[in-house]
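The structure appears right after this line, and notes come after that.
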Amino acid sequence: MSQNDISNYVRTAEDVKKVIEHAKLSENDLKPNVQPIYFGEKFENYKLLQLDEHILSDLKCGQTVVFKGDHNESAVLCTKAKTYDVKEAETSNSILLLPELTFPDEDTNNTELTSRKVVGIFHTYFEVKPCKPRLKKLRNLLEKCSYKGSELEKEVLASNEMYTFEHLSAIIQASDDQLKDALKEMGAFQIDGNWRVLEFDYECRALSFLLNLIDEQSWPYNTIPMDETLNILGELLPPVILQHIIDQYSTWCVSSNLSQTHRSLIEDKVCRFMAVGLLRPCEKFNLTDFKTAWQGSVPEGMTTNLKQLDGTVLVDQSSHPQTICYFNEQDLPDDIIDRFQYLFQVRSKWTLNEIQPFLEKLSTDKLNVNNLLAKYTRATNVDGVRFYCSKHSSK
């Protein structure tokens with residue numbers, strides 16, 4: 001048979017019967033829907049994407065699924081609620097794409113041969129796995145356009161790009177729900193529709209106005225009259241900034257008769273911010289001296305404790321005297337391997353309580369902190385204390 005004969009060949013019913021006979025099958029045992037398969041003259045440029053139940057459910061409901069990533073970033077896929085890492089995977093068998101192929105369990109009375117065309121052959125597909133959103137770019141972008149005070153606002157607006165939520169959603173590798181959570185956690189707020197953060201020194205100044213007022217008026221930190229506060233501080237801070245500081249560091253009183261008129265400072269948030277203010281300018285701080293200064297910096301009635309600083313500081317209990325330094329989890333690499341490498345450059349060994357605050361945000365439902373430590377570190381016991389070291393450490 002010539003090449004031309006092969007290309008023009010069309011399988012007949014007699015051909016099918018011969019194949020059934022060669023396979024030692026009975027026609028009565030088979031469904032009548034016979035579909036000879038042919039390769040098209042050219043293949044379409046399709047890509048195969050693996051779907052989990054969450055992605056498939058979103059697509060069926062008409063939700064948008066988006067690929068995100070600049071040319072120097074590995075791609076992620078985002079639904080409304082989740083972010084997925086995307087990797088190309090190989091398959092040992094060839095996958096044929098036939099758009100019009102019907103299956104035996106489908107309702108069909110077709111007894112004639114129906115040709116089906118293969119429009120693609122695949123040896124790879126895109127595999128997706130849930131991952132943490134990549135938020136370091138978000139922090140970097142918003143810090144560049146941080147609010148530094150009304151006197152500097154014109155300069156900031158002229159020299160930096162501003163970002164709406166839609167703009168951030170397009171360039172940050174996170175789902176919209178995760179992006180909203182990240183903006184809230186960062187203490188971001190909107191000015192004229194653009195998302196901003198407060199520059200740290202300016203935030204110190206703005207919060208100190210509120211704390212000084214509470215001290216001057218001898219108000220309990222958990223019963224602050226809002227009308228007086230807004231009237232007095234309204235002369236010192238722009239309305240949007242004053243409202244943001246109040247929203248960030250206080251909540252409405254629980255008491256029913258004060259729930260609409262008075263607010264209470266959030267103790268852990270205020271204590272944490274004041275600690276960071278003390279530690280940021282210093283390389284290290286004597287732990288005992290720090291505790292004294294820290295307690296003296298917060299409003300009367302508040303109690304400071306080191307647990308409030310998880311993920312923000314490192315305490316060196318082996319030094320004499322013991323020391324504390326600023327060490328923010330948000331400044332660490334987002335990639336888990338890079339993060340472990342960085343942590344073990346800072347310290348060669350960690351206890352679980354020391355390292356846990358710097359790993360919690362990278363843990364998942366399938367990989368909690370203990371799983372991450374088992375996978376990426378080596379455990380040793382020293383005098384009954386369990387330490388975690390780099391797997392590649394010689395010690």
Side-chain angles (χ1 to χ4, degrees), residues 66-76 78 83 131-209 236-249 269 272-283 311-313 325-335 338-339 342 346 358 361-362:
V66 183
F67 287 99
K68 296 183 182 181
D70 287 341
H71 67 277
N72 60 342
E73 297 172 328
S74 58
V76 299
C78 295
T83 300
C131 67
K132 291 293 184 179
R134 298 169 185 173
L135 302 170
K136 190 170 290 293
K137 181 194 286 189
L138 175 65
R139 291 188 285 270
N140 292 338
L141 291 176
L142 294 189
E143 284 173 1
K144 288 179 181 178
C145 61
S146 61
Y147 185 89
K148 303 176 182 180
S150 55
E151 66 277 9
L152 297 174
E153 186 67 349
K154 186 175 180 180
E155 178 183 332
V156 172
L157 291 172
S159 59
N160 293 282
E161 186 173 0
M162 298 293 135
Y163 301 94
T164 64
F165 184 85
E166 290 71 22
H167 193 173
L168 290 172
S169 177
I171 60 178
I172 301 301
Q173 293 185 297
S175 72
D176 282 357
D177 287 353
Q178 291 168 330
L179 179 56
K180 290 174 184 176
D181 290 341
L183 289 168
K184 182 178 180 180
E185 185 178 347
M186 289 176 60
F189 62 105
Q190 286 181 288
I191 299 179
D192 297 329
N194 296 311
W195 284 92
R196 311 283 295 278
V197 293
L198 294 180
E199 190 257 346
F200 185 81
D201 290 341
Y202 182 83
E203 189 169 0
C204 281
R205 178 157 56 112
L207 181 59
S208 69
F209 287 150
L236 301 174
L237 294 169
V240 65
I241 304 302
L242 175 56
Q243 191 60 55
H244 174 66
I245 289 294
I246 290 172
D247 290 341
Q248 275 290 101
Y249 292 100
K269 270 194 171 183
R272 185 184 183 95
F273 188 84
M274 300 308 291
V276 172
L278 291 170
L279 292 172
R280 274 170 62 109
C282 310
E283 184 176 344
T312 306
V313 300
C325 66
Y326 179 66
F327 190 76
N328 195 344
E329 184 272 338
Q330 291 184 352
D331 297 329
L332 303 181
D334 287 335
D335 180 79
D338 292 342
R339 178 165 298 199
Y342 185 85
V346 174
F358 303 104
K361 290 186 179 179
L362 295 186

Margin query: Check this for me: Asp70, atom CG, are more than 12 non-hydrogen atoms of other residues, nucleotides or ligands nearer than 6.0 Å?
Written below: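 Yes, CG of Asp70 has more than 12 neighbouring heavy atoms, counting only those of other groups under 6.0 Å.
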Check: How about Glu161: does its CD atom have over 12 heavy atoms from other parts shown lying under 6.0 Å from it?
Finding: yes
Next item on the list: Test Asp201 against Arg205 for side chain to side chain contact (heavy atoms under 4.5 Å, CB included), laying out the working first.
Entry: CA-CA 6 Å; Asp201 290 341; Arg205 178 157 56 112; over 6 Å; no
Item checked: ring-ring contact (aromatic ring centres under 6.0 Å, His included) assessment of Phe273 paired with Phe200 -> CA-CA 10 Å; Phe273 188 84; Phe200 185 81; 5.0 Å; yes
What's the shortest heavy-atom distance between [X] and [Y], and which atoms?
| X | Y | result |
| --- | --- | --- |
| Val197 | Met186 | CG1-CE, 4.0 Å |
| Leu183 | Leu138 | CD2-CD1, 4.1 Å |
| Val76 | Cys78 | CG2-SG, 4.0 Å |
| Gly149 | Tyr202 | CA-CE1, 3.4 Å |
| Tyr326 | Leu279 | CB-CB, 4.0 Å |

Check: To the nearest 0.5 Å, how far apart are CZ in Arg139 and CD1 in Ile172?
Finding: 10.0 Å
Checklist line | Euclidean distance, Leu135 CG relative to Lys361 NZ, rounded to 0.5 Å | finding: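 Here the interatomic distance stands at 9.0 Å.
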Margin query: Between Lys180 and Glu185, does any side-chain N to carboxylate O distance fall below 4.0 Å?
Written below: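 No.
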Check: Would you call Glu329-Arg339 a salt bridge at under 4.0 Å N-O?
Finding: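 Here Glu329 pairs with Arg339 in a salt bridge, since their nearest N and O are under 4.0 Å apart.
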Check: Sequence neighbours excluded, which residues qualify as side-chain contact (heavy atoms from CB on, under 4.5 Å) partners of Thr164?
Finding: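 Per chain and number, Thr164 pairs via side-chain contact (heavy atoms from CB on, under 4.5 Å) with Glu166, His167, Asn194.
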Next item on the list: Using the test side-chain contact (heavy atoms from CB on, under 4.5 Å), find all partners of Arg196 that sit at least two apart in sequence or belong to another chain.
Entry: Cys145, Tyr147, Glu153, Val156, Leu157, Met162, Phe189, Ile191
Distance-only, no hydrogens or angles: does the [X] side chain make a donor-acceptor pair with backbone N or O of [Y] under 3.5 Å?
| X | Y | answer |
| --- | --- | --- |
| Gln173 | Phe67 | no |
| Arg134 | Asp334 | no |
| His244 | Gly187 | yes |
| Thr83 | Ser175 | yes |
| Asp335 | Asp338 | yes |
| Lys136 | Leu332 | yes |
| Lys68 | Ser169 | yes |

Notebook entry, point to check: Could you walk me through whether Tyr163 and Ile171 pass the side chain to side chain contact (heavy atoms under 4.5 Å, CB included) check?
Noted result: CA-CA 10 Å; Tyr163 301 94; Ile171 60 178; 4.1 Å; yes
Next item on the list: Would you mind reporting whether Leu152 and Glu155 have side-chain heavy atoms less than 4.5 Å apart?
Entry: yes
